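The figures that follow rest on heavy atoms only: side chains count, while hydrogens, waters and symmetry mates do not. Along the sequence shown, residues carry numbers from 1. This structure is a prediction, so every number in the text was calculated from the model and none was measured.
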Amino acid sequence: MLFHCWLYSFPGYPDSSAPPWLEGLMFGRLAVVFFLVLSGFSLAISPARHGWRSGGVGRFLRRRAWRILPPYWAALAMSLLIAWLIVPASHFGPPTGMSILVYGLVAQDTFTAPTPNGAFWSIGVEAELYLLFPVFLFVRRRVGAAALVACVTIPVIARGLAASNATPVEGDNWLAPHLAPVFVAGLVGAAVVTASDRVRRLPWGWFAVLAAAPVLALGVAQGSIWTVKHYFWIDLAIAPAMSMTLAAVATGRPAILVRFLTARPIRSLGSFSYSLYLIHLPIVMTVIRRVAPLFLSPGLPVFWFTLIVALPVSVLGAWLFSKIFEMPFKRARSWRSLIEALPRGRRRPGLEVQPSSATHGPT
């Protein structure tokens, strides 16, 4: 979210007009990369404890759809209204009928259409990785972690080296093949939850620092614009450090970071972070493109105004949004259990179910 506040306040990305001391916000892409590593890690914890089995492909995909799609579709409807009535989400203009079809089917990484919400690109990538997740588990179970990493990463590296100047130009879609190794890095790292005590006691945090140091040093030496234009390689290079960071936290170290992440305000924010990701960008763009220009000059004044206004509005809005469109689907695992959870006065006649017939999946 901070990246988007920066991005739309200072045009010209990556050669931004922002003050140098705000340059760190340029690297918002890496936050999404970390999200994908975390996704692979968290989804693989249960399979790691059960011999790297998914518990059934159909069951896994149904649970993912139940968890992801209802808030996504609600955010899509909200984003379409804002893009049509208040501010378009991209320079390609307002969404079209094709946008509704493509984004409604979560096919934005495969097909191109004017976006209703610029943050939705990663949801399409994530959906494709969900489809591949059972395949990844099968390879991990049959031939091991090293073979899985090699099968996913070597073709991506080969594609990168074959590009002009060995630097592929990324478009608006077809990003899942490139980011699959990032997701797999998290999946492989989840093995730490069932590892021996000797492995769990390894200094994973320091391993993460050592793995990240060369990547960060290269970015500093080459500059931020070079780094942004070479994200194809930076994503692959930084993923192992991110995976080892998660391994460190999963084993309780460093203690200060674990205490921070388990603090009540952070846990509360985390509980509706998906909703925040889904709805923040239309709010940020409305403030920057429609509200701030009425009485502020471009640049730093708009940026500060956006932080002061859009940040709390987005967080509060996401909390309310999650109460309606996300939390009910986190607590209930089926329509039957969702209906059962409704107050009796709000249930439709004929839809009451017996408590014993509700089906609850694990949290």
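Annotation: side chain of Leu278 is in contact with side chain of Pro71 (closest heavy-atom distance under 4.5 Å). Residues Val249 and Trp204 fail the side-chain proximity criterion, which asks for heavy atoms closer than 4.5 Å. When side chains are defined from C-beta on, Leu25 does not count as touching Phe10, because their heavy atoms never get closer than 4.5 Å. Considering only heavy atoms from C-beta on, Phe41 stays 4.5 Å or farther from Met242 through its side chain. Tyr231 has its side chain within reach of Phe27: a pair of non-hydrogen atoms, C-beta onward, lies under 4.5 Å apart. Using a 4.5 Å heavy-atom threshold, the side chains of Met327 and Ser271 count as touching. With a 4.5 Å cut-off on side-chain heavy atoms, Val182 and Phe35 do not count as touching. Contact check for Leu43 versus Phe183: side-chain heavy atoms found under the 4.5 Å cut-off.
Thr227 meets the side-chain hydrogen bond (donor to acceptor under 3.5 Å, both in side chains) test with no other residue; sequence neighbours excluded. Not counting sequence neighbours, the partners of Glu170 by the salt bridge (charged side-chain N to carboxylate O under 4.0 Å, His left out) test are Arg29.
Distance check, rounded to the nearest 0.5 Å: CG of Leu69 to CG of Leu105 gives 10.0 Å. The OG atom of Ser42 lies 8.5 Å from the CG atom of Leu246; values are rounded to the nearest 0.5 Å. Here the CG-CZ distance, from Leu131 to Arg64, works out to 12.5 Å after rounding to the nearest 0.5 Å. Atom CG of Leu132 sits about 11.0 Å away from atom CG of Leu137, to the nearest 0.5 Å. The distance from the CD1 atom of Ile86 to the CZ atom of Arg289 is 13.5 Å, given to the nearest 0.5 Å. Within the model, atoms CG of Leu22 and CG of Leu300 stand 6.5 Å from one another, a figure rounded to the nearest 0.5 Å.
Judged purely by atom type and a 3.5 angstrom limit, Ser273 uses its side chain to pair as donor or acceptor with the backbone of Gly270. Of the possible donor and acceptor atoms, none in the side chain of Thr153 sits under 3.5 Å from a partner among the backbone N and O of Ala150. Judged purely by atom type and a 3.5 angstrom limit, Trp121 has no side-chain atom pairing as donor or acceptor with the backbone of Asp172. Ser268 contributes no side-chain N or O that, together with a main-chain N or O of Arg264, makes up a donor-acceptor pair within less than 3.5 Å. No side-chain donor-acceptor contact under 3.5 Å links Thr167 to the backbone of His230. Using modelled atom types, one side-chain atom of Ser99 and one backbone atom of Thr96 make a donor-acceptor pair closer than 3.5 Å. No donor-acceptor pair closer than 3.5 Å links the side chain of Tyr103 to the backbone N or O of Gln108. In this structure, Ser243 contributes its side chain and Ala239 its backbone to no donor-acceptor pair below 3.5 Å.
Of the candidates Thr112, Asp109, Thr110, Thr112 is the only one forming a side chain to side chain donor-acceptor pair (under 3.5 Å) with Asn173.
Considering every non-hydrogen atom in both Ile283 and Ser314, the closest pair reads CG2-OG, 3.5 Å. Between Ala89 and Thr115, the shortest heavy-atom contact is CB-O, 3.3 Å. The minimum heavy-atom distance between Phe272 and Val315, with the atom names listed, is CE1-O, 3.6 Å. When all heavy atoms are compared, the tightest approach of Pro14 to Met26 is O-CE, 3.0 Å. The minimum heavy-atom distance between Arg141 and Gly51, with the atom names listed, is CD-O, 3.2 Å. Of all heavy-atom pairs between Ser9 and Pro11, the closest is O-CD, 3.7 Å.
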> Could you go step by step and tell me if Leu187 and Leu148 meet the side-chain contact (heavy atoms from CB on, under 4.5 Å) rule?
Replying inline: CA-CA 10 Å; Leu187 184 157; Leu148 171 61; 3.8 Å; yes
>> Working note: Phe136 + Val188, criterion side-chain contact (heavy atoms from CB on, under 4.5 Å); need CA distance, chi angles, decisive distance, verdict.
In response: CA-CA 10 Å; Phe136 294 154; Val188 170; over 6 Å; no
> Which is it for Ile234 and Leu30 under the side-chain contact (heavy atoms from CB on, under 4.5 Å) test, yes or no, and what are the steps along the way?
Replying inline: CA-CA 9 Å; Ile234 297 297; Leu30 295 180; 4.1 Å; yes
> Run the side-chain contact (heavy atoms from CB on, under 4.5 Å) check on Thr306 and Val284 step by step: do they pass?
Replying inline: CA-CA 7 Å; Thr306 303; Val284 167; 4.2 Å; yes
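The aromatic rings of Phe60 and Tyr130 lie perpendicular to each other, with more than 60° between the two planes, well past the 30° mark. Using cut-offs of 30° and 60° for the angle between ring planes, the Tyr13 and Phe3 rings count as perpendicular.
Cluster note: Ile256 groups with no other residue, as no ILVMFWY side-chain heavy atom lies under 4.5 Å from it. Hydrophobic side-chain contacts under 4.5 Å tie Leu210 to no other Ile, Leu, Val, Met, Phe, Trp or Tyr residue. Think of Leu161 as one node in a network of Ile, Leu, Val, Met, Phe, Trp and Tyr side chains linked at under 4.5 Å; its network also takes in Val156, Ile157, Phe232, Trp233, Leu236.
More than 12 heavy-atom neighbours from other residues, nucleotides or ligands sit within 6.0 angstrom of CH2 on Trp66. More than 12 heavy-atom neighbours from other residues, nucleotides or ligands sit within 6.0 angstrom of CZ on Phe329. The environment of CH2 in Trp226 is crowded: more than 12 heavy-atom neighbours from other residues, nucleotides or ligands sit within 6.0 Å.
A single hydrophobic cluster is seen to contain both Val291 and Leu7, as judged by linkage of ILVMFWY side chains at heavy-atom distances under 4.5 Å, directly or through other members. A continuous path of ILVMFWY side-chain contacts below 4.5 Å connects Leu129 to Val149, so both sit in one hydrophobic cluster. A single hydrophobic cluster is not seen to contain both Leu38 and Val258; linkage of ILVMFWY side chains at heavy-atom distances under 4.5 Å, directly or through other members, places them apart. With hydrophobic clusters built from ILVMFWY side chains whose heavy atoms lie under 4.5 angstrom apart, Val143 does not share a cluster with Ile154. Note on Leu261: it does not cluster hydrophobically with Phe34, by side-chain heavy-atom contacts below 4.5 Å among ILVMFWY residues.
With ring centers used as reference points, Phe120 lies under 6.0 Å from Tyr72.
Counting only residues at least two apart or on different chains, the side-chain hydrogen bond (donor to acceptor under 3.5 Å, both in side chains) pairs with a member in residues 317-326 are Arg67-Glu326, Ser275-Glu326.
A donor-acceptor contact closer than 3.5 angstrom links the side chains of Ser122 and Tyr277.
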